[in-house]
K.L.:
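So that we are looking at the same thing, I have put the structure below in structure tokens.
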Number of protein chains: 2
Amino acid sequence: MSGYKIDDVARETGLTKRAIRYYEEIGLIPPPERSGGGTRQYTRAHIEQLQRVISARDVLGFSLQEIQEYMAYAQELTGHRELYPQLREPERQLEKLREMDGTLDAQLRKLDEKASKILAMKEELERFRKRVTAGIARLEAEDRQSEYDNMEGTENEK
Amino acid sequence: MSGYKIDDVARETGLTKRAIRYYEEIGLIPPPERSGGGTRQYTRAHIEQLQRVISARDVLGFSLQEIQEYMAYAQELTGHRELYPQLREPERQLEKLREMDGTLDAQLRKLDEKASKILAMKEELERFRKRVTAGIARLEAEDRQSEYDNMEGTENEK
DNA sequence: CAACATATTAACGTTAACGTCAACGTTAGA
DNA sequence: TCTAACGTTGACGTTAACGTTAATATGTTG
């Protein structure tokens with residue numbers, strides 16, 4: 001129940017301890033609570049956020065800087081799910097929301113583009129692979145053929 | 001007909017001239033022919049290869065080093081489509097081909113993983129977006145409501 | 001053919017994203 | 001309580017992927 005220490009987080013996320021501290025340093029995760037002595041005490045939320053960071057980094061190829069901006073958006077969004085509706089300058093709200101909508105739309109388009117390019121590359125690799133497996137099959141067939149030849153040869157010797 | 005100069009290639013690919021020379025330096029493209037004076041003369045093939053490099057870099061997030069390895073494979077494969085079958089140590093051939101098959105399989109797995117992560121991220125963004133559009137709709141409705149209120153108010157004033 | 005835009009090499013500079021090391025405090029277990 | 005294992009903060013080091021600058025040669029245009 002007492003939260004995770006940095007080494008636990010490292011094991012679970014696959015990040016190094018250095019990377020985890022670095023990610024905190026540049027604002028990718030909120031600074032965790034500290035124990036009396038100063039040891040960082042992470043929560044499940046930290047781990048989940050780190051996993052999302054890793055996913056964005058690996059899959060999207062975003063720089064950590066870009067991810068940080070994206071995270072800020074997500075934060076604003078989830079935070080405002082309850083916070084925003086409570087009135088307060090409704091015209092500014094609308095403006096903000098429309099801006100978010102546009103950004104999200106752009107991100108989604110980028111994702112679609114990536115997905116389709118990945119598909120294209122997959123098809124290319126699969127074509128390559130077919131040629132390779134065909135080559136293997138042919139060589140193996142030739143191999144078996146030469147074995148038969150050899151057997152016939154030895155049988156004739158008897 | 002006389003090929004492209006580096007600035008042409010830069011314009012068409014969006015790379016800088018420095019990057020193009022660097023890509024040649026690390027073996028991502030074959031060194032182009034030179035004019036009498038030493039000016040690089042690129043062909044369409046160079047441009048196309050650079051575009052594939054860019055795609056792999058941006059979309060897959062591969063390092064240039066990884067891309068170089070991949071390119072080498074592709075080169076070997078397309079080159080050997082005609083070259084390999086012509087006999088010459090069939091046992092080494094089989095070994096090579098099996099190795100290629102394994103590598104291609106691993107690459108394909110990586111691509112699948114990326115694709116599924118992209119899908120997951122898309123879904124998350126779409127959920128976000130639904131909340132945003134819902135928020136917009138609600139605010140607009142409230143806006144219209146207050147307009148009606150105002151109109152009623154002014155009508156009463158008549 | 002003069003002059004002005006482009007090209008080339010060489011070399012050092014830069015930024016992101018950590019790695020590594022030292023010096024030191026903290027925590028957990030026998 | 002002692003100690004081995006783990007954590008913390010600097011601070012400097014490293015690598016990839018180019019950027020920038022300088023000195024020099026080449027190509028092109030009126």
Side-chain angles (χ1 to χ4, degrees), chain A residues 1-44 46-47 49-72, chain B residues 1-43 46-47 49-72 110:
Chain A
M1 267 289 88
S2 60
Y4 305 81
K5 283 186 296 184
I6 198 167
D7 212 34
D8 305 332
V9 179
R11 250 191 306 277
E12 205 165 335
T13 60
L15 295 170
T16 66
K17 294 181 280 184
R18 175 66 170 102
I20 295 170
R21 294 198 194 96
Y22 178 64
Y23 286 6
E24 176 188 339
E25 194 182 323
I26 64 175
L28 282 182
I29 52 171
E33 298 296 309
R34 302 293 188 108
S35 76
T39 299
R40 270 167 263 245
Q41 309 216 293
Y42 296 92
T43 70
R44 201 109 272 285
H46 287 104
I47 295 180
Q49 181 143 350
L50 281 174
Q51 281 161 345
R52 284 165 50 196
V53 167
I54 293 168
S55 186
R57 184 196 64 179
D58 288 355
V59 176
L60 305 184
F62 284 174
S63 71
L64 297 185
Q65 164 70 20
E66 288 171 317
I67 295 175
Q68 134 73 21
E69 288 164 13
Y70 166 73
M71 286 298 189
Chain B
M1 265 292 88
S2 62
Y4 305 81
K5 283 187 294 185
I6 198 167
D7 212 34
D8 305 331
V9 179
R11 252 190 306 278
E12 205 166 336
T13 59
L15 295 169
T16 65
K17 295 181 280 184
R18 175 66 170 102
I20 295 170
R21 294 199 193 96
Y22 178 65
Y23 285 7
E24 177 190 338
E25 194 182 322
I26 64 175
L28 282 181
I29 52 172
E33 298 295 309
R34 301 294 188 109
S35 76
T39 299
R40 269 167 263 243
Q41 310 217 292
Y42 296 93
T43 70
H46 287 105
I47 295 180
Q49 180 144 349
L50 281 174
Q51 280 161 345
R52 285 166 49 198
V53 167
I54 294 169
S55 185
R57 185 197 62 180
D58 289 357
V59 176
L60 305 185
F62 284 174
S63 72
L64 297 186
Q65 163 71 19
E66 289 170 316
I67 295 175
Q68 135 72 20
E69 289 163 12
Y70 166 74
M71 287 297 187
K110 273 191 186 179

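Chain letters run A, B, ... following the sequence lines, proteins first and then strands; every chain starts at 1.
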K.L.:
Is there a donor and acceptor pair closer than 3.5 Å between the side chain of B/R21 and the base of C/dT9?
P.N.:
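Answer no: no donor N or O sits under 3.5 Å from an acceptor.
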K.L.:
Can you list the steps and then say if A/R40 with A/K17 is a side-chain contact (heavy atoms from CB on, under 4.5 Å)?
P.N.:
CA-CA 11 Å; A/R40 270 167 263 245; A/K17 294 181 280 184; over 6 Å; no
K.L.:
Calculate the interatomic distance between A/I67 atom CD1 and C/dA16 atom P; express it in whole Å.
P.N.:
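Going from CD1 in A/I67 over to P in C/dA16 covers 14 Å.
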K.L.:
Nearest 0.5 Å please: distance from the CD1 atom of A/I67 over to the CZ atom of A/F62.
P.N.:
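CZ of A/F62 is found 7.5 Å from CD1 of A/I67.
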K.L.:
Using only side-chain N and O atoms of A/Y23, determine if any of them is under 4.0 Å from OP1 or OP2 of C/dA17.
P.N.:
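Answer is no, no contact under 4.0 Å.
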K.L.:
Measuring only between side-chain heavy atoms, which start at C-beta, is A/I47 closer than 4.5 Å to A/Q51?
P.N.:
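Touching, per the 4.5 Å side-chain cut-off.
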K.L.:
Counting just side-chain N and O atoms, does A/T39 come under 4.0 Å of either OP1 or OP2 of D/dT8?
P.N.:
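No, A/T39 has no side-chain N/O under 4.0 Å of OP1/OP2 on D/dT8.
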K.L.:
Could you state the CZ-C1' distance from A/F62 to C/dA17, rounded to the nearest angstrom?
P.N.:
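That distance rounds to 18 Å.
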K.L.:
Rounded to whole angstrom units, what separation is found between the CD1 atom of B/I6 and the C1' atom of C/dT9?
P.N.:
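Value for this atom pair: 12 Å.
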K.L.:
Rounded off to whole Å, could you give me the CG-to-P distance for the B/D58 and D/dC18 pair?
P.N.:
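That distance rounds to 10 Å.
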K.L.:
May I ask you to decide whether A/K5 forms a salt bridge with A/D8, counting only side-chain N to carboxylate O separations under 4.0 Å?
P.N.:
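Salt bridge absent between A/K5 and A/D8.
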K.L.:
Does OP1 or OP2 of D/dT8 have a side-chain N or O of A/R40 closer than 4.0 Å?
P.N.:
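Result: yes.
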K.L.:
Surrounding CD of A/E69 (heavy atoms of other residues, nucleotides or ligands, distance under 6.0 Å), is the total greater than 12?
P.N.:
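Yes, because the 6.0 Å sphere around CD of A/E69 holds more than 12 heavy atoms from other groups.
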K.L.:
Would you say a side-chain N or O of B/R18 is under 4.0 Å from OP1 or OP2 of C/dT14?
P.N.:
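Negative; the distance criterion is not met.
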K.L.:
Rounded to whole angstrom units, what separation is found between the CG atom of A/L28 and the C1' atom of C/dA16?
P.N.:
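Rounding to the nearest Å, CG of A/L28 and C1' of C/dA16 are 12 Å apart.
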K.L.:
Tell me whether the OP1 or OP2 atom of C/dC18 has a side-chain N or O from A/T16 closer than 4.0 Å.
P.N.:
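Negative; the distance criterion is not met.
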K.L.:
In whole angstrom, what separates A/K17's NZ from D/dA5's P?
P.N.:
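Atom-to-atom, A/K17 to D/dA5, this comes out as 13 Å.
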K.L.:
More 5' along DNA chain D: B/K5 or B/I26, using each one's nearest nucleotide?
P.N.:
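Residue closer to the 5' terminus by nearest nucleotide: B/I26.
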K.L.:
In whole angstroms, how far is the P atom of C/dT26 from the CD atom of A/Q41?
P.N.:
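A/Q41 atom CD is separated from C/dT26 atom P by 14 Å.
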K.L.:
In whole Å, what is the span from the CD atom of B/E25 to the P atom of D/dA16?
P.N.:
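My rounded result for the distance is 12 Å.
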